[in-house]
Number of protein chains: 2
Amino acid sequence: MSTSFAEENYLKIIYRLSEGHDEDISTNAVAELTQTKAASVTDMLRKLAEKGWVNYQKYQGVRLSPAGEKIALGIVRKHRLWEVFLVEKMGFNWDEVHEIAEQLEHIESDSLIDKLDEFLEFPKTDPHGDPIPTKNGVMPELGYLHLSDIKADKRCVLMGVAKDSAIFLQLLTKMQLSLGATLHVLEVNAFDRSISVSIDNAPAVFISHEVAKNILVKLA
Amino acid sequence: MSTSFAEENYLKIIYRLSEGHDEDISTNAVAELTQTKAASVTDMLRKLAEKGWVNYQKYQGVRLSPAGEKIALGIVRKHRLWEVFLVEKMGFNWDEVHEIAEQLEHIESDSLIDKLDEFLEFPKTDPHGDPIPTKNGVMPELGYLHLSDIKADKRCVLMGVAKDSAIFLQLLTKMQLSLGATLHVLEVNAFDRSISVSIDNAPAVFISHEVAKNILVKLA
DNA sequence: AATATTTTTTAGTTGGGCCTAAAAAATAAA
DNA sequence: TTTATTTTTTAGGCCCAACTAAAAAATATT
Ligand SMILES: [Mn+2]
Ligand SMILES: [Mn+2]
Ligand SMILES: [Mn+2]
Ligand SMILES: [Mn+2]
């Protein structure tokens, strides 16, 4: 069965909202991410349920069916492979690729994605450190930690970000925070939960809790 | 002003139908290429005229306005650049790329196209020998001849095809006819207008008029 | 337990892009 | 120059994906 752009976007967003926990997703949560109104979401959820891509009963919230999850993972796979392409081959910065990938993720051609994957030498993660689902629909679990949860005196490596927004990524770039940077957490400041961090052994700088929350690391 | 996929497809098709001659395009001609019904075309032509992209008066046919032609050339440029990408970088055959390019041509990002163009080293023609419009909207005139118009005893080089259909391109491949092949027209057979041609100095083969009509060459 | 608030759904519209059937205009044939 | 045929347009509808306003259900507060 074929999928429209709108349907694909809904499935992708429901997937994102479901990641991690196991609860049903609320209509309002979907409405916020799709940038539509709750009434429109209700409409679409009924349609998606009819096609067997979500389990939905009114007032009970929604979750993806196995079929729906497979579609969502396919879209995410395409999105992230295209992002790699845009950064690695086309020379875009990591804060410039999300919007373009939002369009490219809907291009329908299995052989194109296979060839793209090969062309990019089978990347495991995208330019934001997010894992790329495998061809057969498995999302690798990377198990990164949030920088905000790292204790003082620990060293870690910046592996990814939990937010794609250009404004956030540009700030990181300005702060010399890019994938692979080594971070030495010197101090956690109780007052505002900001942290003092030495980036690649440079003199320490402050990182706000809001920023640290959205930085993913692994312990060194 | 932004353009929908449907609008872009109409403009592109009107452009194609206008190439060469100077007459207005009929509603039916557009309907055939868009794979829609004449009534739907009439609807769309009214809308395109309102947006200033075509000149249209009912029962009089349609032609692109300068603004419409600019949009159409942009779409054609993207289509052909993506086709080069698919063949040169992704390893597709020339008969496999048209459908995918039909999707990719609607991706909206000027900087992406600039970077793609550079990545491909500013190609002048696509995998079918068609010229790629310049960034500022000029379609290069290549002035190729139809193989069916070449006189006996002349030598020429295969520069392009006048048809994108996979079935046609596959036949050419099977006949060893690819871009750059040298063709020596030995004989024009009056009975069926087929021609006897030596391809790259191999023993002569027959090429039907139907095929020769759709092969573009320049004299050697 | 009753009432207020928030969330979600239903009802009714809209616009885009398509359709069929019927009417009107243009063109061809008699 | 009538009449027949073809082309194009209009009229009316359908489906998709969104909307607003109002109703209903779920949840929170008093
Ligand atoms: Mn992204
Ligand atoms: Mn990403
Ligand atoms: Mn093509
Ligand atoms: Mn082409």
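Bear in mind the structure is a predicted one, so any value in this text is a computation, not a measurement.
- Along DNA chain D, the nucleotide nearest B:Arg46 and the nucleotide nearest A:Thr34 are compared for position; the residue whose nucleotide lies closer to the 5' end is B:Arg46.
- For B:Ser148, the side chain to side chain contact (heavy atoms under 4.5 Å, CB included) partners are B:His146, B:His209, B:Ala212, B:Lys213, not counting sequence neighbours.
- Not counting sequence neighbours, A:Asp149 has no partner by the salt bridge (charged side-chain N to carboxylate O under 4.0 Å, His left out) test.
- Put simply, CG on B:Asn214 and CG on B:Leu147 are 10.5 Å apart, with the number rounded to the nearest 0.5 Å.
- Annotation: the span from A:Glu96 atom CD to B:Ser109 atom OG amounts to 9.0 Å, rounded to 0.5 Å.
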Between the protein and nucleotides 12-17 of chain C, which nitrogen or oxygen pairs are less than 3.5 angstrom apart?
residue: C:dG17; atom: OP1; partner: B:Ser4; partner atom: OG; Å: 2.5

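- Pairs of residues two or more places apart, or lying in two chains, that qualify as salt bridge (Lys or Arg N to Asp or Glu O under 4.0 Å) and include a residue from residues 67-77 of chain A are A:Arg77-A:Asp117.
- Distance check: B:Ile195 CD1 to B:Ile215 CD1 gives 7.0 Å after rounding to the nearest 0.5 Å.
- Scanning for salt bridge (charged side-chain N to carboxylate O under 4.0 Å, His left out) contacts around B:Lys135 gives B:Asp114, with sequence neighbours left out.
- Across all strands, A:Ser40 comes closer than 4.0 Å to base atoms (heavy-atom distances).
- Judged as a salt bridge (charged side-chain N to carboxylate O under 4.0 Å, His left out), and not counting sequence neighbours, the contacts of B:Arg46 are B:Asp43.
- Interface residues of residues 17-26 of chain B facing DNA chain C, ordered by number: none; criterion, heavy-atom separation under 4.0 Å.
- We find the CG-CD1 distance between B:Leu45 and B:Ile25 to be 10.5 Å, quoted to the nearest 0.5 Å.
- Distance check, rounded to the nearest 0.5 Å: CG of A:Asp164 to NE2 of A:His128 gives 5.0 Å.
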Which donor-acceptor pairs under 3.5 Å do side chains of residues 6-14 of chain A form with protein atoms, sequence neighbours excluded?
residue: A:Glu7; atom: OE1; partner: A:Ser4; partner atom: N; Å: 2.9
residue: A:Glu7; atom: OE2; partner: A:Lys51; partner atom: NZ; Å: 3.0
residue: A:Glu8; atom: OE1; partner: A:His106; partner atom: ND1; Å: 2.5
residue: A:Glu8; atom: OE2; partner: A:Thr3; partner atom: OG1; Å: 2.7
residue: A:Asn9; atom: OD1; partner: A:His106; partner atom: NE2; Å: 3.1
residue: A:Asn9; atom: ND2; partner: A:Phe5; partner atom: O; Å: 3.4
residue: A:Lys12; atom: NZ; partner: A:Glu102; partner atom: OE1; Å: 3.0
residue: A:Lys12; atom: NZ; partner: A:Glu102; partner atom: OE2; Å: 3.0
residue: A:Lys12; atom: NZ; partner: A:Glu105; partner atom: OE1; Å: 3.2
residue: A:Lys12; atom: NZ; partner: A:Glu105; partner atom: OE2; Å: 2.7

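- The nucleotide range of DNA chain D contacted by chain B, defined by atoms under 4.0 angstrom from heavy atoms of the protein and reported 5' to 3', is D:dT7 to D:dT10.
- Residues satisfying the side chain to side chain donor-acceptor pair (under 3.5 Å) criterion with B:Thr173, sequence neighbours excluded, are B:Trp94.
- Residues passing the side chain to side chain contact (heavy atoms under 4.5 Å, CB included) test with B:Glu187 are B:Asn189, B:Ser196, sequence neighbours excluded.
- Among the atoms of the strands shown, only primed sugar atoms or phosphate atoms (P, OP1, OP2) are found under 4.0 Å from some heavy atom of B:Thr27.
- End-to-end axis angle of the helix from C:dA1-D:dT30 to C:dA30-D:dT1, using five pairs per end and rounding to 10°, comes to 10°.
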